[in-house]
Amino acid sequence: MMLHGRLLNYVDEVARTGSIRKAANHLNVAASAISRQILALETQLGTPIFQRLPKKLILTAAGEVLIGHVRQTLKELTRAQAKIEELKGLRRGEITVALMSGLASNLVPGTVKEFRLANPRVKLNLTLFNTGAEIQSAVANGEADLGIGFDFTKDGNLKVLARTVGRLGAVMAPNHPLAKRSSIRLSDCIDYPLVIADISSAIRPYLDAAFTRASIDLQPVIETNAIEIMRHAAILDNGITFLTPFDIEFERRAGRLIYVTVRELAHDAQALMLIGHERGTSAIASVLAEMLKAMMREAGS
């Protein structure tokens with residue numbers, strides 16, 4: 001059974017004032033209209049929601065159950081109306097997004113461009129962090145409205161808004177000798193310059209474990225925490241690096257990099273996650289969040 005907004009207000013006001021007449025005065029409607037609506041509701045429920053005393057109406061047991069639902073619904077309706085009004089205000093405001101540097105030049109820019117075209121009066125702050133912990137802290141502390149990165153840990157102050165999975169693989173230039181293969185092994189890679197994420201990266205533990213399982217001594221020519229360097233080294237130096245498809249989305253579309261499945265990494269996946277604060281976010285930040293969710297779904301498909 002759905003109760004429309006007017007009836008919700010009638011029930012709430014009668015419960016507060018204990019009188020249909022007083023409720024009618026507060027709401028500026030006819031007392032007969034309120035009485036008629038409440039009687040119809042009681043008929044529909046099959047039980048009285050108010051006990052009618054000589055000078056006051058009080059809630060019955062059924063009414064006590066109903067009033068909790070009514071007041072919760074009214075609160076949610078008020079929040080929804082506030083967000084709608086915020087959006088109607090020419091979509092002004094400011095949004096801060098905390099993200100890992102590798103995403104700043106790949107997945108996110110296209111979505112930012114689309115958002116800016118639709119919301120030119122909104123200012124966007126895109127703040128780069130090196131670790132997921134820093135991003136989570138920024139969102140939890142209110143320094144950022146949204147956070148996007150890999151493999152976030154559970155945090156009671158945060159809500160996961162979207163999640164999609166990408167598997168680590170070998171990344172190289174299209175003219176690399178291994179680029180035409182559908183899959184390779186780690187042993188195929190060691191004859192070429194390896195550009196590896198350093199120990200501060202979320203990627204590195206996966207790589208260390210995979211090379212250890214394969215009994216291969218990992219000897220990179222470059223170690224870095226900058227995915228941008230990893231991408232450029234693969235393009236310019238005939239090297240191989242190890243990233244997810246999310247990390248090279250732009251370069252793949254442009255034909256500058258190739259992603260090749262690595263058998264030893266086939267089961268190693270990173271979760272790309274979009275997070276917000278548990279208490280929610282502004283209406284305009286929610287609009288951006290929906291666009292980022294769509295971006296993640298497309299990238300993960």
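In what follows, every heavy atom counts, from backbone to side chain, and hydrogens, waters and symmetry copies are set aside. Throughout, residue positions are numbered sequentially from 1 according to the sequence presented.
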Open item on the list: Name the residue from Lys75, His69, Glu76 that meets the side chain to side chain donor-acceptor pair (under 3.5 Å) definition with Gln72.
Closed with: Glu76
- [ ] Could you tell me which residues satisfy side chain to side chain donor-acceptor pair (under 3.5 Å) with Asn125, sequence neighbours excluded, listed by chain and number?
- [x] Glu94, Thr96
Open item on the list: To the nearest 0.5 Å, what is the distance between CG on Leu158 and CD1 on Ile135?
Closed with: 11.0 Å
- [ ] Please round to the nearest 0.5 Å and tell me the distance separating atom CD of Gln44 and atom CG of Leu7.
- [x] 9.0 Å
Open item on the list: By the ring pair (Phe, Tyr, Trp, His ring centres under 6.0 Å) test, which pairs, at least two apart or in different chains, include something from residues 126-176?
Closed with: His176-Tyr192
Task: Spacing of Leu128 atom CG and Met100 atom CE [to the nearest 0.5 Å] - done: 11.5 Å
Task: Summary of side-chain hydrogen bond (donor to acceptor under 3.5 Å, both in side chains) pairs that have at least one residue in residues 26-38, sequence neighbours excluded - done: Glu13-His26
Task: For Ser200, side chain to side chain donor-acceptor pair (under 3.5 Å) partners two or more places apart - done: Asp198
TODO: Identify the heavy atoms of Ala15 and Arg71 that sit nearest to each other, and give their distance.
DONE: CB-NH2, 3.8 Å
Open item on the list: Distance check, rounded to the nearest 0.5 Å: Thr281 atom OG1 versus Ile95 atom CD1?
Closed with: 7.5 Å
TODO: Check Val165, Val160, Leu161, Thr164 against Met273 for a side-chain contact (heavy atoms from CB on, under 4.5 Å) and give me the one that passes.
DONE: Val160
Open item on the list: Please find the pair of heavy atoms, one from Leu186 and one from Phe242, that lie closest to each other, and give the distance.
Closed with: CD2-CE2, 4.0 Å
Task: Heavy atoms of other groups near Lys293 NZ, more than 12 under 6.0 Å - done: yes
- [ ] Over all heavy atoms of both residues, which pair between Ala234 and Thr241 is shortest? Give the atoms and the distance, please.
- [x] CB-CG2, 4.3 Å
- [ ] List the atom of Gly166, the atom of Phe246, and the distance in Å for their closest heavy-atom pair.
- [x] N-CE1, 3.4 Å
TODO: Calculate, to the nearest 0.5 Å, the distance between atoms CD1 and CD1 belonging to Ile196 and Ile240 respectively.
DONE: 9.0 Å
Open item on the list: If you compare all heavy atoms of Ser183 against all heavy atoms of Arg263, which two are closest, and at what distance to 0.1 Å?
Closed with: OG-NE, 3.5 Å
- [ ] Report the distance from atom CD1 of Ile184 to atom SG of Cys189, rounding to the nearest 0.5 Å.
- [x] 3.5 Å
Open item on the list: Can you confirm whether Ile199 is buried at CD1, in the sense that more than 12 heavy atoms of other residues, nucleotides or ligands lie under 6.0 Å from that atom?
Closed with: no
Task: Main-chain N/O of Ser187 paired to Glu264 side chain as donor or acceptor, under 3.5 Å - done: no
Task: Residues forming a side chain to side chain donor-acceptor pair (under 3.5 Å) with Asp217, sequence neighbours excluded - done: Gln219
Distance-only donor-acceptor hits, side chain of residues 202-212, under 3.5 Å, sequence neighbours excluded:
unit_1, atom_1, unit_2, atom_2, d
Arg204, NE, Asp208, OD1, 2.8
Arg204, NE, Asp208, OD2, 3.4
Arg204, NH1, Ala197, O, 3.0
Arg204, NH1, Glu223, OE1, 2.7
Tyr206, OH, Asp151, OD2, 3.1
Tyr206, OH, Ala269, O, 3.4
Thr212, OG1, Asp208, O, 2.8

